[in-house]
Amino acid sequence: MNFKMVHTEVHVLDIDASLAFYKEALGLEPVREKGPEDGSWKIVFLENDQTDFQLELTWNLGRAEPYDNGGGDIHLAFTVDDYAAALAHHTQMGCVVKVNERMGIYFIEDPDGFWIEIIPAKRS
């Protein structure tokens, strides 16, 4: 048997804010979505041209209390070819929550508090 990871899921309170964040912060675009005609929930899959791994955003109508998407212990990780430019961009966005200079990485936080680790593509 061969297994291939295809997506991970994050619950969101404001689908529009999350879509805007993931586009601006990481260049992720919606590639498909599904949900019932009554609009009670929506699932949107995001990806970019760097990988076929997808991020699934799940939204539920009427949900007001925040989700526990791992509390910073569970996170996504992205490599970036220009670490300094990415850090400057994310700092300008105001979404950097932790910089670990010793390890050469940092974390950003989405609108729902889900952490994303940013790693330089090439480490010296």
Side-chain angles (χ1 to χ4, degrees):
M1 289 190 291
N2 296 306
F3 296 92
K4 178 182 176 182
M5 292 193 336
V6 293
H7 74 263
T8 194
E9 185 266 349
V10 174
H11 282 91
V12 300
L13 289 178
D14 182 337
I15 191 71
D16 293 328
S18 294
L19 289 170
F21 171 83
Y22 282 101
K23 180 177 183 172
E24 182 177 352
L26 300 166
L28 298 178
E29 298 277 354
V31 293
R32 73 181 193 281
E33 70 177 60
K34 59 183 175 180
E37 287 185 26
D38 69 4
S40 59
W41 57 270
K42 183 186 286 191
I43 295 174
V44 181
F45 292 88
L46 309 176
E47 67 179 34
N48 63 25
D49 61 1
Q50 300 300 306
T51 179
D52 58 357
F53 187 83
Q54 296 180 335
L55 176 61
E56 173 189 334
L57 300 181
T58 300
W59 169 84
N60 293 292
L61 179 66
R63 174 77 182 217
E65 62 275 355
Y67 290 96
D68 180 1
N69 283 315
D73 293 322
I74 297 173
H75 62 271
L76 292 175
F78 284 76
T79 59
V80 64
D81 59 348
D82 189 336
Y83 180 85
L87 179 57
H89 177 69
H90 292 140
T91 299
Q92 185 271 329
M93 286 180 65
C95 61
V96 176
V97 290
K98 181 177 182 179
V99 177
N100 186 325
E101 292 179 11
R102 183 180 60 78
M103 293 180 69
I105 62 172
Y106 68 93
F107 290 84
I108 61 175
E109 185 176 55
D110 82 358
D112 291 278
F114 187 70
W115 283 27
I116 300 133
E117 181 178 358
I118 307 298
I119 305 165
K122 294 182 181 177
R123 294 184 161 210
S124 44

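- The main-chain N or O of Glu24 is found under 3.5 Å from a side-chain atom of His89 such that the two form a donor-acceptor pair.
- The minimum heavy-atom distance linking Pro120 with Gly104 is given by the pair CD-O, 3.1 Å.
- Within 6.0 Å of the CD atom in Glu37, the count of heavy atoms belonging to other residues, nucleotides or ligands does not exceed 12.
- Leu13 contributes atom CG, which lies 10.5 Å from atom CH2 of Trp59 (distance to the nearest 0.5 angstrom).
- Under the 4.5 Å side-chain contact rule for hydrophobic residues, Ile119 and Met103 share a cluster.
- With a 4.5 Å cut-off on side-chain heavy atoms, Leu55 and Thr8 count as touching.
- Phe78 is not listed as a side-chain neighbour of Gln50, based on a closest heavy-atom distance of 4.5 Å or more.
- Residue Ala17 comes nearest to Pro111 through the heavy atom pair O-CG, 3.9 Å, listed as atom of the first residue, atom of the second, then distance.
- Between Thr58 and Tyr67, every side-chain heavy-atom pair lies at or beyond the 4.5 Å cut-off.
- Expressed to the nearest 0.5 Å, how far CG of Leu28 lies from OG1 of Thr51 amounts to 10.0 Å.
- Residue Glu33 holds its CD atom at 8.0 Å from CD1 of Ile15, rounded to the nearest 0.5 Å.
- Heavy-atom minimum distance, Val44 versus Pro30: CG1-CB, 3.8 Å.
- Phe21 places none of its side-chain heavy atoms less than 4.5 Å from the side chain of Val12.
- Shown here for Gly39 and Leu61, the closest heavy-atom pair between the two residues is O-CB, 3.8 Å.
- Side-chain contact between Ile118 and Leu26: present, with at least one pair of heavy atoms (C-beta onward) separated by less than 4.5 Å.
- In this structure, NE2 on His75 lies 9.5 Å from CH2 on Trp115, to the nearest 0.5 angstrom.
- No side-chain heavy atom of Arg63 sits less than 4.5 Å from a side-chain heavy atom of His11.
- Put simply, the residue from Glu117, Glu101, His90 that forms a side-chain hydrogen bond (donor to acceptor under 3.5 Å, both in side chains) with Tyr106 is His90.
- Taking Phe45 as the reference, His7 meet the ring-ring contact (aromatic ring centres under 6.0 Å, His included) condition, with sequence neighbours excluded.
- Counting heavy atoms from C-beta outward, Asp112 and Val10 have side chains that stay 4.5 Å or more apart.
- Using a 4.5 Å cut-off on side-chain heavy atoms (C-beta onward), Leu76 and Phe114 make contact.
- Here Lys98 contributes atom NZ and Ile105 contributes atom CD1; the two are 7.5 Å apart, rounded to the nearest 0.5 Å.
- Taking all atoms of both residues into account, the shortest heavy-atom contact from Ser18 to Leu57 is CB-CD1, 4.0 Å.
- Taking NZ from Lys4 and CG from Asp52, the interatomic distance works out to 3.5 Å, rounded to the nearest 0.5 Å.
- Cluster annotation: Leu46 is not connected to Val31 through the hydrophobic network of ILVMFWY side chains, with a link wherever side-chain heavy atoms come within less than 4.5 Å.
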